[in-house]
Amino acid sequence: MRITTNAILRNYKSNLGQSLSNLDSCRTKVMTGRNFNSVSEDPASALRAATLQKRYAQNQDYLNNVEDAQSFQDCQEDAAMQINNVAQTLSKKYGLESLNGTNGSLETRKTYADAWRGAQESMVLSLNASYEGKYVFAGGDGKEPPFALKTDASGKQILTYRGKDVNDPANQAILDELSKESLYIDLGFGLSSSADGSLDPSSAFNTSLPGLNLIGYGQDANGNPKNMILLAGEIANVLEADNFDRDKFKELLDGFDEGRSTVLEQVTTLGTKTEFLNTTKERLKTNEISLATQYDTVVNADMAAAITNFSWAQYAYNSALKVGTNILSPSFIDFMK
């Protein structure tokens, strides 16, 4: 087979160009620290990197949601504990001391009544606690303070929840609905809806705790309020009466203690939800590390291997240049005189 000088030169130029291209590719990988710098270089890896980047961003959103839910729930728990502490002081101190015969004078009872009325205001303030402009016990509408305590023209105290009297039997159905309100947040459980278009509760986290469920609403069989704020006012009224009705006081105090038990139940429920959020946060952090590792493997170059490949490509290119000086072998003409 006849091999011409032009054929040798063409092959040499092609191979030298390939060697130079390989050297440039290895140099770029070392300088940028990336396996590829354009989609055309490695479409499959570029697609996988884009998918991992999207999943990482979603995971970050879920982490932010968890942290926001934790802070929101911490505010709920703190306010609920404040109400419980106030209620415990009222029940264990002023309640029991009022039943004690040695402290049964009208003057002393009025002092206790002032403590009960002051505690009413304190509990209402706790119920209107807010986090980042959202009222934590307002159910599905956190834009306005949910509770308001006022006194009508006859001197009767009225407590409203989102404008509805919590002690009015006519509002019972509305209050029942308000007590069931939910406020869901997506924490990465596959947010989905049911066939009727409503949100699937198992696919999201409910951050709502309507204050009605914390302090009660409506009336009991004896016509007494089930609400702790109003019960505190009724107890104060009994204490301020000239003739102390011990039985009525005991009846109201028992109702107040039942309300305090409900507050403790809600605090326990919040504690369970807090533990769930902590577990979810740990899972998302683990997922964050996993996604970051996968993305690093796909996108970022192994620098030890990249530098080794660059050194080898540079050696090959320099060798190719040296070969070029000897590519034209002596011909018959070189030996003619």
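- Scored by the side chain to side chain donor-acceptor pair (under 3.5 Å) test, Gln314 finds no partners at all (sequence neighbours excluded).
- Applying the ring pair (Phe, Tyr, Trp, His ring centres under 6.0 Å) rule to Phe276 yields the partners Phe189, Phe205; only residues at least two apart in sequence or on another chain are considered.
- Salt bridge present: Glu251 and Lys248 bring a charged side-chain N and a carboxylate O closer than 4.0 Å.
- Side-chain atoms of Asp42 and Ser45 include a donor-acceptor pair closer than 3.5 Å.
- In summary, the side chains of Gln294 and Ser290 do present a donor paired with an acceptor at a separation below 3.5 Å, with no hydrogens or angles considered.
- Leu199 and Ala204 get closest at one heavy-atom pair: CD2-CB, 4.2 Å.
- For the residue pair Gln172 and Gln219, no side-chain donor N or O sits within less than 3.5 Å of a side-chain acceptor on the partner.
- A salt bridge links Arg162 with Glu181: the closest approach of a Lys/Arg side-chain nitrogen to an acidic carboxylate oxygen falls below 4.0 angstrom.
- Identified under the salt bridge (charged side-chain N to carboxylate O under 4.0 Å, His left out) test for residues 150-161, with sequence neighbours left out: none.
- One finds a salt bridge joining Asp254 and Lys250 here, because a Lys/Arg side-chain nitrogen approaches an Asp/Glu carboxylate oxygen to under 4.0 Å.
- Val238 and Leu252 get closest at one heavy-atom pair: CG2-CD1, 3.7 Å.
- Between Tyr217 and Tyr161, the distance separating the two ring centers is not shorter than 6.0 angstrom.
- Residue Phe256 comes nearest to Ala87 through the heavy atom pair CE2-O, 3.6 Å, listed as atom of the first residue, atom of the second, then distance.
- Interatomic distance, CD of Glu258 versus CG of Asp220, reported as 8.0 Å (0.5 Å rounding).
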